[in-house]
Amino acid sequence: MNFNEKVYKECKKIPKGKVSTYKEIGKKLNTRAYRAIGQALKNNPYPIQVPCHRVVSSQGKLHGFKGKTKGKALKEKQRMLEEEGLTIINNKIQDFQDKLFTF
DNA sequence: AGTCGAGCGCGCA
DNA sequence: TGCGCGCTCGACT
């Protein structure tokens, strides 16, 4: 069981309409390698099965997604999330605490 | 307050 | 073998 696979596994547990953070995942995996989690998601071999867009920074912001926070891909992810019942304003998730999924 | 640096695990050179 | 990454947190300005 690779570290990556553990990350994916946890990500897949995030229900629709909810989000989670690198920190929470790290906590769940009993590790502090938050960066590694980001790295794992970047390498994401299962883009659809593993909803990496549901994983955000601990502040509930989409900061540093896909390398550039101001990228076009980010907007798409944002819209996807919005369609799942989330509200995102200025790259920030509204009612983040409420939508946050803790394992 | 805002900035800085270190530490985590894995992938690629 | 060494560095960098979709990060976070504590320590210091």
Side-chain angles (χ1 to χ4, degrees):
Chain A
M1 184 72 118
N2 284 345
F3 179 82
N4 290 37
E5 300 196 14
K6 289 192 205 164
V7 174
Y8 304 142
K9 202 168 175 175
E10 298 308 319
C11 284
K12 282 193 282 193
K13 280 157 67 175
I14 303 174
K16 184 182 168 197
K18 292 257 188 177
V19 291
S20 193
T21 66
Y22 298 97
K23 193 172 149 190
E24 285 301 323
I25 294 172
K27 212 164 72 178
K28 171 64 179 170
L29 298 182
N30 222 14
T31 181
R32 265 159 282 147
Y34 312 115
R35 298 181 71 187
I37 294 169
Q39 186 65 17
L41 291 177
K42 176 175 139 193
N43 294 331
N44 190 2
Y46 318 102
I48 295 111
Q49 296 181 41
V50 179
C52 54
H53 57 276
R54 287 190 196 142
V55 182
V56 297
S57 76
S58 68
Q59 323 273 304
K61 289 166 93 177
L62 275 60
H63 109 52
F65 228 68
K66 273 293 192 309
K68 296 275 179 186
T69 318
K70 315 201 164 151
K72 181 164 70 172
L74 179 61
K75 274 223 154 179
E76 286 227 10
K77 307 276 183 191
Q78 172 178 331
R79 230 182 29 179
M80 286 174 62
L81 289 170
E82 285 175 341
E83 285 182 15
E84 290 183 2
L86 295 161
T87 311
I88 299 171
I89 297 173
N90 199 18
N91 287 345
K92 203 162 109 249
I93 298 178
Q94 304 300 299
D95 298 324
F96 172 63
Q97 296 288 335
D98 190 47
K99 312 286 185 192
L100 178 63
F101 175 73
T102 49
F103 298 95

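Proteins get letters first, then strands, A, B, ... in listed order; numbering begins at 1 in each. Keep in mind that this is a model prediction, so the values were computed, not measured.
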Check: residues 44-52 of chain A side-chain donor-acceptor pairs under 3.5 Å, at least two apart:
| unit_1 | atom_1 | unit_2 | atom_2 | d |
| --- | --- | --- | --- | --- |
| A/Asn44 | OD1 | A/Tyr46 | N | 2.9 |
| A/Asn44 | ND2 | A/Val50 | O | 3.2 |

Using atom names, set out every protein N or O paired with an N or O of nucleotides 8-10 of chain C below 3.5 Å, distance rounded to 0.1 Å.
| unit_1 | atom_1 | unit_2 | atom_2 | d |
| --- | --- | --- | --- | --- |
| C/dT8 | OP1 | A/Ser58 | N | 2.6 |
| C/dC9 | OP1 | A/Lys23 | NZ | 2.3 |

Nearest-Å distance, NZ (A/Lys42) to P (C/dC3)? 17 Å
Please state how far atom CD1 in A/Ile37 lies from atom C1' in B/dC8, giving the value in whole angstrom units. 9 Å
Salt bridge (charged side-chain N to carboxylate O under 4.0 Å, His left out) partners of A/Lys27, counting only residues at least two apart: A/Glu24
Residues which pass side-chain contact (heavy atoms from CB on, under 4.5 Å) with A/Ser57, listed by chain and number, not counting sequence neighbours: A/Gln59, A/Lys61, A/His63
Suppose we screen for salt bridge (charged side-chain N to carboxylate O under 4.0 Å, His left out). Which residues come up paired with A/Glu84, at least two apart in sequence or across chains? A/Arg54
Donor-acceptor list for residues 94-103 of chain A side chains, cut-off 3.5 Å, not counting sequence neighbours:
| unit_1 | atom_1 | unit_2 | atom_2 | d |
| --- | --- | --- | --- | --- |
| A/Gln94 | NE2 | A/Lys92 | O | 3.3 |

Under the rule of Watson-Crick or G-U wobble with both distances under 3.5 Å, where | means paired to another strand and [ ] a crossing pair, DNA chain B maps to |||||||.|||||
Between A/Arg79 and A/Glu82, is there a side-chain N and carboxylate O pair less than 4.0 Å apart? no
For nucleotides 9-13 of chain B, tabulate all protein N/O to nucleotide N/O atom pairs closer than 3.5 Å, reporting atom names and distance.
| unit_1 | atom_1 | unit_2 | atom_2 | d |
| --- | --- | --- | --- | --- |
| B/dC10 | OP1 | A/Phe3 | N | 3.4 |

Could you tell me if the side chain of A/Tyr34 sits less than 4.5 Å from the side chain of A/Thr21, heavy atoms only? no
Taken in chain and number order and not counting sequence neighbours, the residues that satisfy side-chain contact (heavy atoms from CB on, under 4.5 Å) with A/Lys9 are A/Met1
Residues passing the side-chain hydrogen bond (donor to acceptor under 3.5 Å, both in side chains) test with A/Gln39, sequence neighbours excluded, are none
With a cut-off of 6.0 Å (strictly less than), are more than 12 heavy atoms of other residues, nucleotides or ligands near NZ of A/Lys16? no
